[in-house]
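Read through the structure below, which is laid out as structure tokens, and then see the notes.
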Amino acid sequence: KNPEISKDPRLSHYASIIKEQNQRLNDQVEKVLNLAKSEKDGFSLNKESIDLNQLIETTVQEEKAKLHKNNVEITLALSQNIKPIYADRLHLTNVIANILDNAVKYCQKEPKIEVRTEQVDAQYILSISDNGIGIAQENLSKIGEKFYRVHTGDLHDVKGFGLGLFYVSRICAAHRWVLDIQSVESKGTTIKIKINA
């Protein structure tokens, strides 16, 4: 990738692809190792006071720079009633990033994603909705299983090991948060995380 070495545009293009795929593979290996460690030792959460809305804004900005499809539209609807929560910053960031990544991967058109926070009774609800391919009702119950991947039909460019939502479900359980997944085939998916206020 060094411009002094790679003056050929084609070579530079191929180097970019190799670098991107290498990072993707590294991310997948990291997920496997983290999950293996968590199953052996259990999760060790480093909880701290976190401004949920601010964390979402930061994570969304970082993910926009990394997302692999152009024209990804992410809108934020963040309630000003949300007070700081106690959570593991690293794991919560990874949870949001995983859900956003899935929303983009499992979409056959220009991805439109809405990230919302709201207070309902004694809970803060973080919801992420997309306009992706959706999940069939018979597959919804299997979503949190390790290595389970929904059949994507003609969507052949989706890469992964079926660890993303397994990781999300583990992190939510460790924090005692409720994970709720609602989906309609060809319409999209909404993932809600219910956090005790």
Side-chain angles (χ1 to χ4, degrees), residues 31 35 38 43 45 47-64 67 72-109 111-146 148-150 152 158 160 162-197:
K31 280 183 191 173
L35 286 169
S38 76
F43 274 113
L45 297 176
K47 290 186 179 181
E48 59 181 289
S49 179
I50 293 173
D51 182 325
L52 179 59
N53 287 346
Q54 188 177 65
L55 181 74
I56 290 169
E57 289 174 349
T58 302
T59 306
V60 165
Q61 285 304 116
E62 290 173 354
E63 285 303 299
K64 274 184 176 177
L67 290 171
V72 178
E73 181 184 314
I74 304 178
T75 57
L76 301 179
L78 307 179
S79 168
Q80 297 308 306
N81 295 329
I82 308 296
K83 293 183 170 57
I85 64 169
Y86 279 90
D88 186 300
R89 182 179 298 275
L90 175 63
H91 284 308
L92 179 53
T93 301
N94 287 343
V95 161
I96 296 168
N98 265 299
I99 297 172
L100 292 174
D101 186 50
N102 275 355
V104 174
K105 282 198 302 187
Y106 294 98
C107 189
Q108 291 180 308
K109 46 200 168 191
K112 296 185 188 300
I113 304 165
E114 182 188 67
V115 183
R116 174 181 294 274
T117 57
E118 58 186 323
Q119 181 172 3
V120 177
D121 299 325
Q123 287 185 321
Y124 296 143
I125 299 178
L126 162 61
S127 61
I128 300 176
S129 303
D130 65 53
N131 64 334
I133 62 173
I135 304 162
Q137 290 302 306
E138 62 267 24
N139 293 326
L140 274 176
S141 62
K142 303 173 185 175
I143 282 299
E145 294 177 13
K146 183 166 55 172
Y148 180 77
R149 298 188 67 211
V150 174
T152 56
V158 176
L163 292 172
L165 286 180
F166 174 73
Y167 173 80
V168 168
S169 65
R170 290 281 307 227
I171 296 301
C172 287
H175 281 88
R176 300 186 188 280
W177 298 337
V178 176
L179 179 65
D180 179 31
I181 303 175
Q182 301 167 357
S183 190
V184 178
E185 274 191 284
S186 304
K187 298 288 185 183
T189 301
T190 296
I191 296 179
K192 293 184 178 181
I193 299 172
K194 300 175 181 178
I195 303 166
N196 289 330

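This chain uses plain numbering: 1 for the first residue, then up along the sequence.
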*Sequence neighbours excluded, every pair satisfying side chain to side chain donor-acceptor pair (under 3.5 Å) that has a member inside residues 52-63*: N53-T117, E63-K66

_Tell me which pairs pass side chain to side chain donor-acceptor pair (under 3.5 Å) where either residue lies in residues 186-195, with sequence neighbours left out._
S129-T190, S183-T189

*Going by the ring-ring contact (aromatic ring centres under 6.0 Å, His included) test, which pairs reach into residues 177-197, not counting sequence neighbours?*
H175-W177

When you compare the side chain of [Y] with that of [X], does any pair of heavy atoms fall below 4.5 Å?
X	Y	answer
N131	C107	yes
I193	I99	yes
L126	I96	yes
I133	Q108	yes
D180	I125	no

Value rounded to 0.5 Å, distance of [atom1] in [X] from [atom2] in [Y]:
X	Y	atom1	atom2	answer
L55	I85	CG	CD1	8.0 Å
I128	L100	CD1	CG	5.0 Å
E114	L76	CD	CG	9.0 Å
I171	L179	CD1	CG	11.5 Å
I191	I181	CD1	CD1	5.0 Å
L52	I56	CG	CD1	4.0 Å

*Who pairs with A173 by side chain to side chain contact (heavy atoms under 4.5 Å, CB included), at least two apart in sequence or on another chain?*
none

*Is a side-chain donor-acceptor pair under 3.5 Å present for Y167 with N94?*
yes

_My understanding is that only residues two or more places apart in sequence, or in another chain, count here; which of them pass side-chain hydrogen bond (donor to acceptor under 3.5 Å, both in side chains) with N196?_
none

Which atoms form the tightest heavy-atom contact between [X] and [Y], and what is the distance?
X	Y	result
L92	A87	CD2-CB, 4.3 Å
G132	D130	N-OD1, 2.9 Å
Y124	A197	CZ-CB, 3.6 Å

_Short side-chain to backbone donor-acceptor contact, Q119 and D121, under 3.5 Å_ = yes

*Qualifying salt bridge (charged side-chain N to carboxylate O under 4.0 Å, His left out) pairs, either residue in residues 76-97, two or more places apart*: E48-R89

